[in-house]
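A, B, ... follow the sequence lines: proteins, then strands. Residue 1 opens every chain. Below, all heavy atoms of this structure are taken into account, side chains as well, without hydrogens, waters or symmetry copies.
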Amino acid sequence: MWHKMKQSKLFTKTSKTLPKDEVSLNSQLLLKSGFIDKEIAGAYSFLPLGHRVLNKIINIIREEMNAIDGQEIMLTSLQAPATWEPTDRWDDEKMDVWFKTELKNGNQLGLAPTHEEPLTKLMKKFINSYKDLPVFAYQFQTKFRNETRAKSGILRTREFIMKDLYSFGRNQQDLDEYYERAKAAYVKIFDRLGLGKITYVTFASGGTFCKFSHEFQTLCEYGEDLIYINEEKKIAINREIFTDDIISEFGLKREDFVEKKSIEVGNIFKLGTKFSDALGLHYVAENGERFPVVMGSYGIGPARTMGTIVETCNDEKGIIWPKNIAPYHVHIISLGKEDTIAAESEKLYNLLCANNVETLWDDRPNVNPGAKFADSDLIGCPIRITVSSKNLENKQYEVKRRAGGNAEFIPQENILAFLANELK
RNA sequence: CGGGGCGUAGCGCAGUUGGUAGCGCAUCUGGUUUGGGACCAGAGGGCCGCUGGUUCGAGUCCAGUCGCCCCGACCA
């Protein structure tokens with residue numbers, strides 16, 4: 001990953017105005033700051049700053065998936081009907097979000113909205129014996145869903161990257177064990193992304209093979225989900241299963257819960273043998289008997305998570321990125337046209353870059369201080385360092401945290417130590 | 001998919017009873033500025049979403065259509 005950027009070379013620009021019909025805060029802030037661009041309703045492009053943030057989110061998720069023995073793959077989006085017919089999900093009545101097209105020869109083709117079927121089919125080529133199990137595969141891959149109504153900026157789009165991991169085990173115990181590992185990994189991920197304190201693991205509707213699935217719901221007034229929280233017992237329940245029967249299973253009453261709006265940022269689900277039965281994914285056990293593989297699926301939407309972070313981490317001036325996913329750690333602001341300012345700024349820029357501090361340098365010569373500060377607040381890097389003649393005279397750098405607080409004046413020779421402590 | 005709103009320069013908007021399109025921001029040139037989105041002077045930029053109709057004449061009136069946003073329904 002590139003660690004440095006001069007703002008004069010950054011092709012995107014910030015904007016003072018917005019398309020009037022952009023209402024969601026995440027799209028307003030991300031469009032204004034030049035992180036993303038809207039192509040059509042429900043389809044956004046990621047520009048240099050936005051792409052960096054998205055990749056940082058992806059990398060954190062990747063590290064945690066690798067830590068629970070996930071093997072990264074990438075499946076194709078192009079899907080033939082035959083793969084989906086065994087589960088009856090080619091039918092538009094059953095799966096109403098298909099984008100369908102056809103080949104030159106007239107054969108039908110769909111753009112995958114999810115990947116259980118093709119991956120189950122793929123695994124038939126590699127899973128034969130109990131010795132091949134358990135196995136875990138995941139990908140960061142583009143999903144296409146023909147939503148009737150795209151909305152809420154990058155929170156609900158028709159094309160989006162999804163991290164989907166699938167587990168393949170010998171039996172329910174394999175599945176249950178891995179499910180708990182995945183749940184713990186998800187908790188860690190949202191913690192590292194800066195959403196830990198406001199993200200709840202909720203009980204959600206299950207399916208044929210288990211009573212509940214779990215969702216990771218981040219509290220947010222702009223969210224489209226409703227969850228019910230009991231802080232005492234650390235229980236949260238999705239609206240769709242918040243019924244008297246289920247509430248009583250937890251030994252609680254309706255009034256023991258607080259209703260909150262939230263955004264679904266992750267979902268883990270026990271699939272059981274639904275797909276392995278339908279597509280014929282079996283293994284031979286030690287005693288020679290054949291069994292269907294027991295599966296689970298585990299999803300996170302990195303772009304939706306990015307939008308959620310913007311929705312929850314901002315002030316009236318712009319975005320306040322958590323340090324782990326900020327596009328750059330430090331934003332250097334050079335004030336004044338003097339040669340010494342430019343030279344001293346460049347010295348600092350090179351020093352930080354050489355020490356792996358990701359740095360954006362506002363080196364634009366003819367931009368007024370007010371505009372530079374406003375841009376810096378909007379873009380939202382965690383640390384701003386102002387280089388001006390006033391500070392240079394005192395051999396200091398002026399440092400300000402985007403999250404708040406007053407500026408601090410750090411002796412020049414201490415700047416690396418200060419940043420190392422600040423960014424650890 | 002139902003309901004509502006909106007399409008005029010890159011963005012925000014104005015456009016009178018129908019008479020041949022304008023303002024601010026942004027951009028370009030020159031100059032003056034430089035600690036919280038500067039100022040002056042000049043310049044470029046338009047299929048008025050699209051198609052059809054009414055009319056001597058349509059950004060404006062009528063019909064259709066496409067697109068965008070919001071609410072709802074839907075949403076492993």
Side-chain angles (χ1 to χ4, degrees), chain A residues 12-24 27-28 31-34 37-43 87 89 92-98 113-117 143 145-153 155-158 160 162 164-166 202-210 212-216 222-225 238-241 263-264 266-272 274-275 295-301 304 316-318 333-338 341-342 362 364-379 384-392 398 400 407:
Chain A
T12 58
K13 305 281 182 279
T14 61
S15 159
K16 273 196 271 190
T17 57
L18 276 171
K20 62 169 177 197
D21 51 16
E22 282 295 343
V23 170
S24 75
S27 61
Q28 282 192 357
L31 286 166
K32 228 177 144 188
S33 53
D37 181 64
K38 183 161 79 176
E39 179 66 29
I40 59 169
T87 52
R89 294 213 293 180
D92 288 320
E93 298 292 317
K94 298 281 166 50
M95 180 79 101
D96 65 356
V97 292
W98 275 112
T114 177
H115 276 90
E116 285 85 358
E117 280 84 348
K143 309 297 183 211
R145 293 187 185 178
N146 200 343
E147 298 278 357
T148 48
R149 185 185 163 205
K151 60 173 192 166
S152 310
L155 296 181
R156 190 178 197 78
T157 55
R158 298 193 165 99
F160 58 96
M162 180 156 130
D164 43 334
L165 181 144
Y166 303 90
T202 68
F203 291 90
S205 56
T208 326
F209 290 91
C210 61
F212 300 117
S213 68
H214 290 89
E215 290 183 355
F216 289 75
Y222 190 62
E224 58 180 23
D225 289 354
N238 274 28
R239 169 170 52 175
E240 68 267 18
I241 60 160
I263 300 169
E264 179 193 342
N267 175 231
I268 58 177
F269 205 96
K270 292 181 183 177
L271 299 173
K274 177 177 174 182
F275 293 91
M295 294 170 55
S297 78
Y298 314 83
I300 296 179
R304 174 182 279 186
E316 67 285 350
K317 292 175 176 172
I333 306 289
S334 299
L335 298 187
K337 275 212 255 195
E338 302 91 325
I341 300 289
D362 193 345
R364 295 172 298 172
N366 294 314
V367 177
N368 279 6
K372 287 192 174 187
F373 289 132
D375 274 358
S376 180
D377 288 340
L378 183 59
I379 290 169
R384 186 183 78 196
I385 302 180
T386 306
V387 177
S388 68
S389 51
K390 184 167 90 184
N391 298 321
L392 290 177
E398 178 182 334
K400 192 168 188 309

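Using a 4.0 Å heavy-atom cutoff across all strands shown, Tyr298(A) reaches no nucleic acid atom at all. Nucleic acid contact for Lys13(A): none, since no nucleic acid atom lies under 4.0 Å from a heavy atom of the residue. Nucleic acid contact for Asn391(A): base, since at least one base atom lies under 4.0 Å from a heavy atom of the residue. Residue-level contact check: Arg89(A) touches the bases, meaning some heavy atom is under 4.0 Å from a base atom. Across all strands, Val97(A) comes closer than 4.0 Å to no nucleic acid atom at all (heavy-atom distances). Within the nucleic acid shown, Glu116(A) comes within 4.0 Å of at least one base atom, counting heavy atoms only.
A search for side-chain contact (heavy atoms from CB on, under 4.5 Å) contacts involving Asn146(A) returns Phe99(A), Arg158(A), not counting sequence neighbours. Judged as a side-chain contact (heavy atoms from CB on, under 4.5 Å), and not counting sequence neighbours, the contacts of Arg149(A) are Lys151(A). With sequence neighbours left out, Phe216(A) forms a ring-ring contact (aromatic ring centres under 6.0 Å, His included) with Tyr186(A), Phe190(A). Lys372(A) pairs by the side-chain contact (heavy atoms from CB on, under 4.5 Å) definition with Ile333(A), Ser334(A), Leu335(A), Asp362(A), Arg364(A), Val367(A), not counting sequence neighbours. Looking at residues two or more places apart in sequence or on another chain, you find a side-chain contact (heavy atoms from CB on, under 4.5 Å) between Asp92(A) and Trp98(A), Lys100(A).
Look at CZ on Arg145(A): it is 13 Å from C1' on rC74(B), rounded to the nearest Å.
Relative to the side chain of Lys38(A), the nucleotides rC74(B), rC68(B), rC11(B) differ in distance, and rC68(B) lies closest. Checking rC1(B), rC68(B), rG37(B) against every side-chain atom of Ala41(A), the shortest atom distance belongs to rC68(B). For Arg149(A), whose side chain is taken as the heavy atoms from C-beta onward, the closest listed nucleotide among rG36(B), rA76(B), rG72(B) is rG72(B). Closest approach to the Asp96(A) side chain among rC74(B), rA76(B), rC70(B) is made by rC74(B) (side chain taken as heavy atoms from C-beta onward). Considering only the side chain of Lys337(A), rU34(B) comes nearest among rG37(B), rC74(B), rU34(B). Side chain of Ala374(A), nearest nucleotide from rC68(B), rC70(B), rG37(B): rG37(B).
Smallest separation of non-hydrogen atoms from Arg89(A) and Lys94(A): CA-CB, 4.5 Å.
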Every protein N/O lying under 3.5 Å from an N/O of nucleotides 3-7 of chain B:
unit_1 : atom_1 : unit_2   : atom_2 : d
rC6(B) : O2'    : Lys20(A) : NZ     : 3.0

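Both distances falling under 3.5 Å, in either a Watson-Crick or a G-U wobble arrangement, place rC11(B) opposite rG24(B).
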